[in-house]
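For reference, the structure discussed in these notes is given below.
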Amino acid sequence: MKRFILLLIVILVTTTNVCSAQNDIRFKDWGEKEWLDNGYIRELRNFFDAYSNGNVDDELYEGLAPYKILMKSKFAVLNIVPFLAGGAFIDIVFLDNPRIVFKAWVYGFISNEEIGVDGYEVRHCERHDEEIDLTKEQILQIIEENPLNKLW
């Protein structure tokens with residue numbers, strides 16, 4: 001049993017180090033512009049479109065079912081950061097109901113370090129437990145004041 005636990009710890013540490021190093025490749029030289037407009041966010045938009053059109057297995061994302069229609073609306077990114085398991089962790093709100101926050105993990109595949117990311121996959125998406133006090137008008141105002149922010 002002790003060997004199994006030790007092996008599990010070694011695997012976790014190794015995996016974390018590999019993903020962290022790959023995140024260095026994924027997000028090398030990223031500035032504010034890249035963080036607010038990138039393939040991770042585009043893949044999330046593609047996922048919401050596919051899910052709301054019935055092209056994603058509902059069993060994998062059964063918690064999203066009540067929000068299927070909401071996902072057809074545009075969304076704004078609240079926060080995006082590198083995720084330790086590889087890729088980006090993204091918090092978003094939909095313009096049609098900005099009080100509800102969704103969090104997603106979008107993975108970025110790296111097959112060649114020189115090319116960087118060559119594919120994306122939404123690996124997790126769920127509604128956040130807490131709601132926020134944000135209105136559609138406030139989102140539109142933020143976007144107007146900072147053109148790097150946009151609706152997806």
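Along the sequence shown, residues carry numbers from 1.
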Q: For the pair Phe47 and Leu64, evaluate side-chain contact (heavy atoms from CB on, under 4.5 Å) and give the outcome as yes or no after the intermediate values.
A: CA-CA 12 Å; Phe47 170 82; Leu64 297 178; 4.0 Å; yes

Q | Minimum heavy-atom distance Glu131-Arg127, with the two atoms named | A | OE2-NH2, 2.6 Å

**Q.** Minimum-distance pair of heavy atoms, taken over all atoms of Glu32 and Asn146
**A.** OE2-ND2, 3.5 Å

**Q.** Set of residues satisfying side chain to side chain contact (heavy atoms under 4.5 Å, CB included) with respect to Asp57, sequence neighbours excluded
**A.** Glu59, Leu60

**Q.** Partner residues of Asn53 under the side chain to side chain donor-acceptor pair (under 3.5 Å) criterion, sequence neighbours left out
**A.** Lys72

Q) In Å, rounded to the nearest 0.5 Å, how long is the span from CZ of Phe102 to CG of Leu44? A) 10.5 Å

Q. Taking only residues two or more places apart in sequence, or in another chain, which ones meet Asp91 in a side chain to side chain contact (heavy atoms under 4.5 Å, CB included)?
A. Leu78, Asn79, Phe89, Val101, Lys103

Q: With rounding to the nearest 0.5 Å, note down the distance linking CZ in Arg99 to OG1 in Thr135.
A: 10.5 Å

Q: Work out which heavy atom in Pro82 is nearest to a heavy atom in Asn23; give both atom names and the distance.
A: CB-ND2, 3.9 Å

Q: Could you pull out all residues at least two apart from Arg123 that satisfy side chain to side chain contact (heavy atoms under 4.5 Å, CB included)?
A: Trp105, Tyr107, Phe109, Glu121

Q | Leu148 and Asp37, any side-chain heavy atoms less than 4.5 Å apart | A | no

Q. Distance only, no hydrogens: is a donor on one side chain within 3.5 Å (strictly under) of an acceptor on the other, for Gln141 and Glu145?
A. yes

Q. Is Trp152 linked to Tyr51 within one hydrophobic cluster, defined over Ile, Leu, Val, Met, Phe, Trp and Tyr using a side-chain heavy-atom separation of less than 4.5 Å?
A. yes

Q.
Hydrophobic clustering (ILVMFWY, side-chain heavy atoms < 4.5 Å, transitive) - are Ile132 and Ile139 grouped together?
A. yes

Q: Locate the shortest heavy-atom distance separating Glu34 from Gly31; write the atom from each residue and the value.
A: OE1-N, 2.8 Å

Q: Verify ring-ring contact (aromatic ring centres under 6.0 Å, His included) between Phe94 and Tyr67, making sure each step is shown before the conclusion.
A: CA-CA 10 Å; Phe94 289 98; Tyr67 311 103; 8.7 Å; no

Q.
Applying a strict under-4.5 Å side-chain criterion to I, L, V, M, F, W and Y, I'd like to know whether Ile92 and Leu134 cluster together.
A. no

Q.
Taking the basic N atoms (NZ, or NE/NH1/NH2) and the acidic carboxylate oxygens, is any pair closer than 4.0 Å for Arg45 and Asp49?
A. yes

Q. Among all residues two or more places apart in sequence or in another chain, which pass the side chain to side chain donor-acceptor pair (under 3.5 Å) test with Lys136?
A. none

Q.
Count I, L, V, M, F, W, Y as connected when their side-chain heavy atoms are under 4.5 Å apart, and connections chain through other members. Are Ile80 and Ile142 then in the same cluster?
A. no

Q: Assess whether atom CG of Asp133 is packed by more than 12 heavy atoms of other residues, nucleotides or ligands within 6.0 Å.
A: no

Q) Should Leu95 and Leu140 count as side-chain neighbours, where that means a heavy-atom distance under 4.5 Å? A) yes

Q: State, yes or no, whether a side-chain contact exists between Tyr61 and Glu126 at a heavy-atom distance under 4.5 Å.
A: no

Q: Treating Ile, Leu, Val, Met, Phe, Trp and Tyr as nodes and any side-chain heavy-atom pair under 4.5 angstrom as an edge, say whether Leu36 and Val93 lie in one connected cluster.
A: no

Q) Where is the tightest heavy-atom contact between Ile143 and Lys150, given as atom of each residue plus distance? A) CD1-C, 3.9 Å

Q. For Phe27, what residues pass the ring pair (Phe, Tyr, Trp, His ring centres under 6.0 Å) criterion, not counting sequence neighbours?
A. Trp30, Trp35, Tyr40

**Q.** Contact summary for Gly108 and Tyr120, nearest pair of heavy atoms
**A.** CA-CD2, 4.1 Å

